[in-house]
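Hydrogens, waters and symmetry mates are skipped; everything else that's a heavy atom, side chains included, is used. Every value quoted in this text rests on a predicted model; they were computed, and no experiment measured them. Reminder, nothing fancy here: chain letters follow the sequence lines and each chain counts from 1.
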There are 2 protein chains.
Amino acid sequence: MQEIELLKEYKLKVTPQRIAIVELLKEHGHLSIAKMYELMKRRFPTVSLATIYKNIHAMMQSNFINEVKIVGQDSRYELTQPSHSHVVCKECGEIVDVDVSGSSLLKEVSQKTQFKLESSSFVFYGICRECLD
Amino acid sequence: MQEIELLKEYKLKVTPQRIAIVELLKEHGHLSIAKMYELMKRRFPTVSLATIYKNIHAMMQSNFINEVKIVGQDSRYELTQPSHSHVVCKECGEIVDVDVSGSSLLKEVSQKTQFKLESSSFVFYGICRECLD
DNA sequence: CTAAATGCAAAGCATTTGCAAATAT
DNA sequence: ATATTTGCAAATGCTTTGCATTTAG
């Protein structure tokens, strides 16, 4: 199973709960804690919220997943992916990934601020195609 | 006093505590709840955290201030300004404003995603000049 | 004079912690 | 065999709420 290999690469012990988390993230893309808990309970009715939190924590430590902070909503978590941005629908809450060429911005910002930049987060807010109708 | 006019423009009742919040935000740029509370107590030793929260809330409602969400740190609040981005130092936590031309990105994203975009948030993470030495 | 803001204490929630039992390597 | 993870319950901590009093318009 691909999930198992993935976890091992990041030196995370492979447990059924962790495999499920990876599967859910692959399937849904971005999940809040509450949503992940809800989905997890369908597979492991006795799963504990504490387990979700502990795993999110461990997975963030190892950079296996990362947090997307969104204004007006709970944070979402996603499998770590090559640099990409997020587009949020203010109506239905849906989050979409989008690849944008932010490298010129990076350069511009580091020149203007003299910072040594390591990462960046672009979030776009609006209304999605479906909600526009 | 300029602070009073500002508050009135946004239809916020002018109280000494609110004037102080505006002054602090003008002086410091971006403040967390905790930091704002700490600074406020120097002027109003009896100020309540609840008052801070209530005012932050009211000021966000009227779009007088807005929230900047940052990975790994408490949210900061700033006076609403024309579109600009934030650069965060992972070492000392300092936040710097920077003007970047994101309009071409906006266009690119709305074309790719078919969203009707309303706003965007760019946050850059790195190490500031001082912390690099 | 009326409606809103303040400060305090209590209530609410999300997140974390401690610990015994179960599980992974 | 050992260290880690799990699930539960308790504890923590941030944020909100209710209410009497004060203040702004």
Distance, rounded to the nearest Å, where [X] contributes [atom1] and [N] contributes [atom2]:
{"X": "A/Arg43", "N": "D/dT6", "atom1": "CZ", "atom2": "P", "answer": "15 Å"}
{"X": "A/Tyr10", "N": "C/dT25", "atom1": "OH", "atom2": "P", "answer": "18 Å"}
{"X": "B/Lys11", "N": "C/dA4", "atom1": "NZ", "atom2": "P", "answer": "14 Å"}
{"X": "A/Ile56", "N": "C/dA14", "atom1": "CD1", "atom2": "P", "answer": "16 Å"}
{"X": "A/Leu7", "N": "D/dT5", "atom1": "CG", "atom2": "C1'", "answer": "13 Å"}
{"X": "B/Asn55", "N": "D/dT16", "atom1": "CG", "atom2": "P", "answer": "13 Å"}
{"X": "A/Arg18", "N": "D/dT4", "atom1": "CZ", "atom2": "C1'", "answer": "8 Å"}

Please tabulate, one pair per line, all N/O donor-acceptor pairs under 3.5 Å involving side-chain atoms of residues 28-35 of chain B, not counting sequence neighbours.
unit_1	atom_1	unit_2	atom_2	d
B/His28	ND1	B/Leu24	O	3.2
B/His30	NE2	B/Glu78	OE1	3.3
B/His30	NE2	B/Asp97	OD1	2.8
B/Ser32	OG	B/Lys35	N	3.1

With sequence neighbours excluded, what pairs up with [X] under the salt bridge (Lys or Arg N to Asp or Glu O under 4.0 Å) test?
{"X": "A/Glu94", "result": "none"}
{"X": "A/Lys69", "result": "none"}
{"X": "B/Glu23", "result": "B/Arg43"}

Under the side chain to side chain contact (heavy atoms under 4.5 Å, CB included) criterion, do B/Glu3 and B/Ile21 qualify, and how do the steps go? CA-CA 9 Å; B/Glu3 280 75 25; B/Ile21 289 177; over 6 Å; no

Could you identify which residues of residues 29-40 of chain A place a heavy atom less than 4.0 Å from some atom of DNA chain D, listed by residue number, or say none?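 Residues of residues 29-40 of chain A that come under 4.0 Å of DNA chain D do not exist, since none gets that close.
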
Where along residues 66-79 of chain B does a heavy atom fall under 4.0 Å from DNA chain D?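 Listed by number, there are none.
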
Select from A/Gln17 and B/Leu49 the residue whose nearest nucleotide in DNA chain D is closer to the 5' end of that strand.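 The residue whose closest nucleotide sits nearer the 5' end is A/Gln17.
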
Report, one pair per line, the protein and nucleotides 8-13 of chain C atoms (nitrogen or oxygen only) whose separation is under 3.5 Å.
unit_1	atom_1	unit_2	atom_2	d
C/dC8	OP2	B/Thr46	O	3.1

Distance, nearest 0.5 Å, that separates CG of A/Leu49 from CE of A/Met36: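 Here the interatomic distance stands at 11.0 Å.
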
Quick one: which residue pairs count as a ring pair (Phe, Tyr, Trp, His ring centres under 6.0 Å) with a foot in residues 92-111 of chain A, not counting sequence neighbours?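 Qualifying pairs, neighbours excluded: none.
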
Tell me, please, whether B/Phe44 has B/Lys41 positioned over its six-membered ring: NZ or CZ under 6.0 Å from the ring centre and within 45 degrees of its axis?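 No; the conditions do not both hold, so B/Lys41 does not lie above the ring face of B/Phe44.
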
Would you be so kind as to tabulate the donor-acceptor pairs closer than 3.5 Å made by side chains of residues 10-17 of chain B, with sequence neighbours excluded?
unit_1	atom_1	unit_2	atom_2	d
B/Thr15	OG1	B/Arg18	N	3.1

Kindly give the cluster partners of B/Phe124, where membership spreads through any ILVMFWY side chain lying under 4.5 Å from a current member.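 A/Val87, A/Val96, A/Val98, A/Val100, A/Leu105, A/Leu106, A/Val109, A/Phe115, A/Leu117, A/Phe122, A/Phe124, B/Val87, B/Val96, B/Val98, B/Val100, B/Leu105, B/Leu106, B/Val109, B/Phe115, B/Leu117, B/Phe122, which link up through side-chain heavy atoms under 4.5 Å apart, make up the rest of the cluster.
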
More than 12 heavy atoms of other groups within 6.0 Å of B/Lys116 NZ: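 Atom NZ in B/Lys116 is not packed in, count stays at 12 or less.
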
With a 4.5 Å cut-off on side-chain heavy atoms, are B/Ser121 and A/Tyr125 touching?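 With C-beta onward as the side chain, the pair touches.
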
Polar pairs (N or O, both sides) under 3.5 Å between protein and nucleotides 21-25 of chain D?
unit_1	atom_1	unit_2	atom_2	d
D/dA24	O3'	B/Val14	O	3.4
D/dG25	OP1	B/Val14	N	3.2

Kindly write out the residues that satisfy side-chain contact (heavy atoms from CB on, under 4.5 Å) with B/Gln2, not counting sequence neighbours, or none if the list is empty.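 side-chain contact (heavy atoms from CB on, under 4.5 Å) check on B/Gln2 returns B/Glu5, B/Leu6, B/Lys26.
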
